[in-house]
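Owing to the predicted nature of the structure, the values given are computational and were not obtained by experimental measurement. Residue numbers run from 1 in the order of the sequence given.
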Amino acid sequence: MNNFLFVAAENDAIENCKAGGMGDVVRDVPRQISERGDKVHVVVPSYSRLHQGGLPRATLNFSLRGIGYTAELYEVKPKKEFSNIFHYVLHHPEIEAGDIAHIYHNDPEEPFFTDAIKYFIFCTAVAEAIKQGAFGDLNIIHLHDWHSSLLLFLREYHQDYTNLKDIRIIYSIHNLAIQGIRPFDGNYSSVKHWFPNVSLDYQKLMDYRYQDCINLMAVGIRFADAVHTVSPSYKEDVLKPSSPPEFIGGESLEKDLQIADQEGRLFGILNGCNYKNINNEKKGNIYRNTVKALFRWLQEESKKYKADFLAHTGEKIMTYVDQRPKFIASSVARLTEQKFYFFMRSPEAFVEILHKLEKIDGIFMLLGTGAPEYEELFRKLSYEHKNFIFTNGQSEKLIDSIYLESDLYVMPSLFEPCGISQMLAMRNGNPCLVHYTGGLKDTVEHRKTGFTFDGDSYDEKIKNMLEAFDMALDVFENDKPNWKKIQVAARKKRFTWKKSVDQYYKLLYKQD
């Protein structure tokens, strides 16, 4: 029996520990490993909240900033029990909940200042727990994004944790753009401040652009035994330099990724999607679930400044309770540059989409929260266009209804390491309209399971996006048999975790 440890910032197998797709992966991959009869331990920070009600498993003493630190390891109850999977959270009072999903901190003045401190403490405590044998004898450690890459730094440079050199360590990249860059020295949140007695090799640790800084994403790529991108096409993308907005590639780390590829350490394996035990909403509940979510948000203190807008959205949705629209286009996503750059830079293109929908008695439903400037843009457009329903919040039931009842799922991501939304939409038989990039390339086939657009320049991409939207509406309106065929083909597609984890064992874990 192999013994695995997953180390990450998110884990959707436990309550209230997810901000993005990484949480889904950290939930689903261990389930596949357990089905093979292997054992998995999953550890995330407690964010000063998730340890409550957990069982204390170890007290961890270690040194940071030249002083003694003590952290507590708790085993916690998952949402669903699976044999041979054990979930843990690590508590230290300085590992606090952030303002993004009660996980990450948004430090606009000095990016990663607070999060780096959190994950320095977390990773060092995890290293200590491994050393103490809290997870047993480990064969594989699987790290996820920059938040956990410090374990590779400790393996390489810290005299107390040379035991990590005996364990194979895998590093998965979920979001290459967020790199965890901090100064080497001269700052409370710098490497030398937290690890004053560790000798650093600045050349091997530095960010190419900011040479007085460590790049923790780069540390993961440079020192892991295997590096993994979450789709094959995204692997090809990141080997090339970025040229935004036309192309988002290696985000200044393409040289490191090229070296990893040459050394046979870089692998692109598509994420899977869950097809079992799905929480399905009843068909026909989409407007009811919207209204219920709006009333709930109106009572939340944090939403007070949006109350007028939420009431406005509620009034609009009531129109469609009795008079159902003939077509629903939709998007569910964090409101960020990655997901909606095309609409931010060219709002007139989005308005044109709304006009096209109006002609066929269609609406566009968008659900999400995120960057203030994106929220503001979509609120403004919602006031101006009666067939645009913007629900500015998060609701699992409403999300399920949107995936179930939409006719076309729109995902115009500027770049996409893998994407899960298009898989969830297709699982419900929804054709998707996507930008032909990264994991969207690997999952949506033009005119077979959905519609794709691309272009050599930004203007060409926008033009082709609108043409692809026209094409989708034309097939829906004028070629029902073909539309049905696309829906059926989308529903039949299977991106299973079993298939993905077979590849993990062969290429990443070397356990086949």
Side-chain angles (χ1 to χ4, degrees), residues 7-10 17-23 26 44-48 64-65 69 71 90 92-127 143-154 156-158 171-196 198 200 202 204-224 238 242 248 250-253 256 334 336-338 370-372 415 417:
V7 187
E10 305 175 28
C17 190
K18 176 184 165 176
M22 184 209 298
V26 174
V44 294
S46 90
Y47 303 108
S48 296
L64 284 171
R65 298 195 289 134
Y69 265 66
L90 208 142
H92 185 277
E94 287 178 68
I95 305 175
E96 297 176 330
D99 51 332
I100 300 169
H102 306 292
I103 293 175
Y104 306 113
H105 276 83
N106 178 29
D107 290 322
E109 297 299 314
E110 204 176 323
F112 309 115
F113 180 93
T114 311
D115 279 355
I117 292 167
K118 279 198 303 218
Y119 299 116
F120 287 163
I121 300 167
F122 169 65
C123 289
T124 310
V126 170
L143 309 177
H144 296 267
D145 266 355
W146 75 267
H147 322 94
S148 56
S149 70
L150 195 89
L151 276 164
L152 288 159
F153 164 89
L154 296 173
E156 202 71 20
Y157 298 108
H158 202 298
Y171 182 65
S172 283
I173 298 168
H174 298 274
N175 192 339
L176 189 63
I178 299 176
Q179 298 179 1
I181 298 166
R182 293 307 301 146
F184 282 121
D185 209 347
N187 185 293
Y188 183 80
S189 173
S190 67
V191 187
K192 280 309 272 183
H193 180 76
W194 285 86
F195 300 97
V198 176
L200 306 180
Y202 293 92
K204 285 190 177 175
L205 294 168
M206 75 177 185
D207 182 274
Y208 296 129
R209 296 155 302 174
Y210 312 106
Q211 299 191 358
D212 59 343
C213 292
I214 188 171
N215 182 317
L216 287 161
M217 177 64 76
V219 167
I221 296 163
R222 291 168 191 169
F223 295 122
V238 299
S242 295
I248 306 295
E251 295 289 77
S252 85
L253 295 177
D256 289 318
R334 286 278 303 158
T336 61
E337 184 172 279
Q338 178 198 346
F415 65 95

Q. When rounded to the nearest 0.5 angstrom, what distance separates CD in E337 from CD1 in I248?
A. 7.0 Å
Q. R182 side chain to P111 main-chain N or O, any donor-acceptor pair under 3.5 Å?
A. yes
(Q) On a heavy-atom basis, which atom in A9 and which in V44 lie closest, and how many Å separate them? (A) C-CG1, 4.2 Å
Q.
Let's go through H147 and F122 carefully: what are the C-alpha distance in whole Å and the side-chain angles of both, what is the deciding distance for ring-ring contact (aromatic ring centres under 6.0 Å, His included) to 0.1 Å, and is it a yes or a no?
A. CA-CA 9 Å; H147 322 94; F122 169 65; 9.4 Å; no
Q) Is it true that atom NE2 of H105 has more than 12 heavy atoms of other residues, nucleotides or ligands lying nearer than 6.0 Å? A) yes
Q) Mind checking whether Y119 and W146 have parallel, tilted or perpendicular rings, split at 30° and 60°? A) perpendicular
Q: Quick one: sort the Y188 and H193 rings into parallel, tilted or perpendicular, breaks at 30° and 60°.
A: tilted
Q) Run the side-chain contact (heavy atoms from CB on, under 4.5 Å) check on Y171 and R222 step by step: do they pass? A) CA-CA 10 Å; Y171 182 65; R222 291 168 191 169; over 6 Å; no
Q | Partner set under side-chain hydrogen bond (donor to acceptor under 3.5 Å, both in side chains) for S148, not counting sequence neighbours | A | none
**Q.** Distance flag, aromatic centroids of F195 and F153, threshold under 6.0 Å
**A.** yes
Q: Compare all side-chain heavy atoms of L176 with those of I221 and state whether any distance is below 4.5 angstrom.
A: yes
**Q.** Non-hydrogen side-chain atoms of L90 and V126 separated by less than 4.5 Å
**A.** yes
Q) Side chain of E10, backbone of A19: donor and acceptor closer than 3.5 Å? A) yes
Q: Start with the C-alpha distance between T124 and Y69, add both sets of side-chain angles, then the distance that settles side-chain contact (heavy atoms from CB on, under 4.5 Å), and finish with yes or no.
A: CA-CA 10 Å; T124 310; Y69 265 66; over 6 Å; no
**Q.** Closest non-hydrogen atom pair between L151 and A127, with its separation
**A.** CD2-CB, 3.7 Å
(Q) Any side-chain to backbone donor/acceptor pair from S149 onto V219? Under 3.5 Å, distance only. (A) no
Q | Any donor-acceptor N/O pair, S242 side chain to S252 backbone, under 3.5 Å | A | no
Q: Return yes if a side-chain donor-acceptor contact under 3.5 Å exists between D256 and Y208, otherwise no.
A: yes
**Q.** Spatial distance of atom CD1 (I173) from atom NE2 (H144) [nearest 0.5 Å]
**A.** 12.0 Å
Q) When rounded to the nearest 0.5 angstrom, what is the spacing between OH in Y47 and NZ in K118? A) 6.0 Å
Q. Okay, side chain of K192, backbone of L200: is any donor-acceptor separation there less than 3.5 Å?
A. no
Q: Could I get the full list of side-chain hydrogen bond (donor to acceptor under 3.5 Å, both in side chains) partners for Y210, not counting sequence neighbours?
A: none
Q) Is the closest side-chain heavy-atom distance between N187 and E110 below 4.5 Å? A) yes
Q: Rounded to the nearest 0.5 Å, what's the gap from CD1 on I214 to CZ on F184? Could you check?
A: 5.5 Å
Q: Show your working on side-chain contact (heavy atoms from CB on, under 4.5 Å) between I178 and D145 and close with a plain yes or no.
A: CA-CA 9 Å; I178 299 176; D145 266 355; over 6 Å; no
Q: May I ask you to decide if A177's main-chain N or O and N175's side chain share a donor-acceptor pair within less than 3.5 Å?
A: yes
(Q) Would you compute the distance between atom OG of S48 and atom CD1 of I95 and round it to the nearest 0.5 angstrom? (A) 7.5 Å
Q.
Keeping E94 on the side-chain end and I117 on the backbone end, is there a donor-acceptor pair under 3.5 Å?
A. no
Q: Could you tell me the separation between the CG atom of L152 and the CG atom of L205, rounded to the nearest 0.5 Å?
A: 11.0 Å
Q: Would you confirm whether D99, through its side chain, and N106, through its main-chain N or O, come within 3.5 Å as a donor-acceptor pair?
A: yes
**Q.** Heavy-atom closest pair, residues I103 and C17
**A.** CD1-C, 3.8 Å
(Q) Contact between L253 and V238 at the side-chain level, heavy atoms closer than 4.5 Å - yes or no? (A) no
Q. Where do E251 and R209 land on the salt bridge (Lys or Arg N to Asp or Glu O under 4.0 Å) test, with the steps shown first?
A. CA-CA 11 Å; E251 295 289 77; R209 296 155 302 174; over 6 Å; no
